[in-house]
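Beneath this line is the structure, given in structure tokens, with notes to follow.
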Amino acid sequence: MEFCKPTSEHIRELMNWLTSAAEVLEWGGPDFRHPYTEVTFLEDIKLDTLDSLVMCSSEQEMLAFGQFYQREGRCHLGRLAISPQHRGQGLVRQLINNLLTAGIAKFGVSGGSLFVVPDNLAAIKAYQRYGFRFADYPGDSPIAGCLYMVIDNVAEIGK
């Protein structure tokens, strides 16, 4: 596996992974427009302002996408996506680990965080398996209806 910055080809492929307005809302957040065009998708994904990485196979097949930024003194993960053909293979651990490692090094923080919708039980179970726990968001949550999860010891992901 290798990680790299997304290209326009990666983004066009990622656009095809999201097939419904509900998926786009869950993945992109309440301000992500749907239906989207390539132009609106690029604007809403904030590729120019958020650190983004794709995970590719040795054959250069795109396997996953994710973003990270600093929020509340942590490396916050967002817009995590695994290729529909590769879901259920444990790739999320590698994606999370790589994003957190990059973000912690960049921001000089020690922990990570993410938001998840309450009915995404598969994601919640995966995040808990990797060491994330539910926490109260410090202040008013910027995303209504989402749960806030944190991890303090990134070295323990998936152990």
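It should be emphasised that the depicted structure is a prediction, and the values quoted were computed from it without experimental measurement.
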Next item on the list: Evaluate whether atom CG of Asp119 has more than 12 neighbouring non-hydrogen atoms of other residues, nucleotides or ligands under 6.0 angstrom away.
Entry: yes
Item checked: Separation of Arg33 CZ from Glu43 CD (nearest 0.5 Å) -> 5.0 Å
Notebook entry, point to check: Going from CZ on Phe132 to CD1 on Ile96, what distance comes out if it is rounded to the nearest 0.5 angstrom?
Noted result: 5.0 Å
Next item on the list: Would you check if Arg133 and Met149 make a side-chain contact, meaning some heavy-atom pair closer than 4.5 Å?
Entry: no
Note to self: Please give me the minimum heavy-atom distance between Gly112 and Leu100, naming the atom from each residue.
What the structure shows: CA-CD2, 3.7 Å
Margin query: Out of the candidates Thr49, Leu80, Ile45, only one should pair with Gln67 under the side chain to side chain contact (heavy atoms under 4.5 Å, CB included) rule; please name it.
Written below: Ile45
Checklist line | Check: Ser113 main-chain N/O paired with Arg74 side-chain donor or acceptor under 3.5 Å | finding: no
Notebook entry, point to check: Within a strict 4.5 Å, meaning less than it, do heavy atoms of the His76 and Phe115 side chains meet?
Noted result: yes
Item checked: Co-membership, hydrophobic cluster, residues Met15 and Leu18, 4.5 Å side-chain -> yes
Next item on the list: Applying side chain to side chain contact (heavy atoms under 4.5 Å, CB included) between Leu99 and each of Ile104, Leu53, Leu114, Asp51, report the one that passes.
Entry: Leu53
Check: When you measure from the side chain of Thr40 to the backbone N and O of Tyr36, does any donor-acceptor pair fall under 3.5 Å?
Finding: no
Next item on the list: Please confirm whether the backbone N or O of Gly139 pairs with a side-chain atom of Ser141, one donor and one acceptor, at under 3.5 Å?
Entry: no
Note to self: Rounded to the nearest 0.5 Å, what separates atom CE in Met62 from atom OG in Ser57?
What the structure shows: 11.5 Å
Check: Do Lys106 and Cys75 have side-chain heavy atoms sitting under 4.5 Å apart?
Finding: no
Notebook entry, point to check: Does any non-hydrogen side-chain atom of Arg129 lie less than 4.5 Å from one of Arg93?
Noted result: no
Check: Where the side chain of Glu26 meets the backbone of Ala22, is there a donor-acceptor pair that is under 3.5 Å apart?
Finding: no
Notebook entry, point to check: Any luck finding a side-chain donor-acceptor pair between Tyr69 and Arg71 under 3.5 Å?
Noted result: yes
Check: Between CG of Leu63 and CE of Met55, what distance do you get to the nearest 0.5 Å?
Finding: 5.0 Å
Notebook entry, point to check: Is a side-chain donor-acceptor pair under 3.5 Å present for Gln60 with Glu2?
Noted result: yes
Next item on the list: Answer with yes or no whether the hydrophobic clustering places Leu77 together with Leu95; edges join I, L, V, M, F, W, Y residues whose side-chain heavy atoms lie under 4.5 Å apart.
Entry: yes
Item checked: Hydrophobic cluster membership, Leu147 vs Ile151, 4.5 Å side-chain cutoff -> yes
Check: Any side-chain heavy-atom pair from Asp152 and Ser110 closer than 4.5 angstrom?
Finding: no
Note to self: Is there a path of hydrophobic side-chain contacts, each under 4.5 Å between heavy atoms, that joins Ile143 and Leu25?
What the structure shows: no
Margin query: Closer than 4.0 angstrom, basic N to acidic O: yes or no for Arg79 and Asp44?
Written below: no
Item checked: Minimum heavy-atom distance between Gln128 and Phe134, given as atom pair plus value -> NE2-CE1, 3.2 Å
Notebook entry, point to check: Do Ile11 and Thr7 come within less than 4.5 Å of each other through their side chains, counting heavy atoms only?
Noted result: no
Check: Are the side chains of Phe65 and Ile82 in touch, meaning some heavy atoms are under 4.5 Å apart?
Finding: no
Item checked: CG-CE distance between Leu91 and Met1, expressed to the nearest 0.5 angstrom -> 5.5 Å
Next item on the list: Could you grab the distance from atom CZ of Phe3 to atom NZ of Lys5, nearest 0.5 Å is fine?
Entry: 13.0 Å
Check: Nearest heavy-atom pair of Pro138 and Tyr148: which atoms, and what distance?
Finding: CD-CE2, 4.0 Å
Notebook entry, point to check: Between Trp27 and Phe32, is the ring centre distance below 6.0 Å?
Noted result: yes
Notebook entry, point to check: With the 4.5 Å side-chain cut-off for hydrophobic clustering, are Val116 and Tyr130 part of the same group?
Noted result: yes
Notebook entry, point to check: Is there a donor-acceptor pair under 3.5 Å between the side chain of Tyr137 and the backbone N or O of Cys146?
Noted result: no
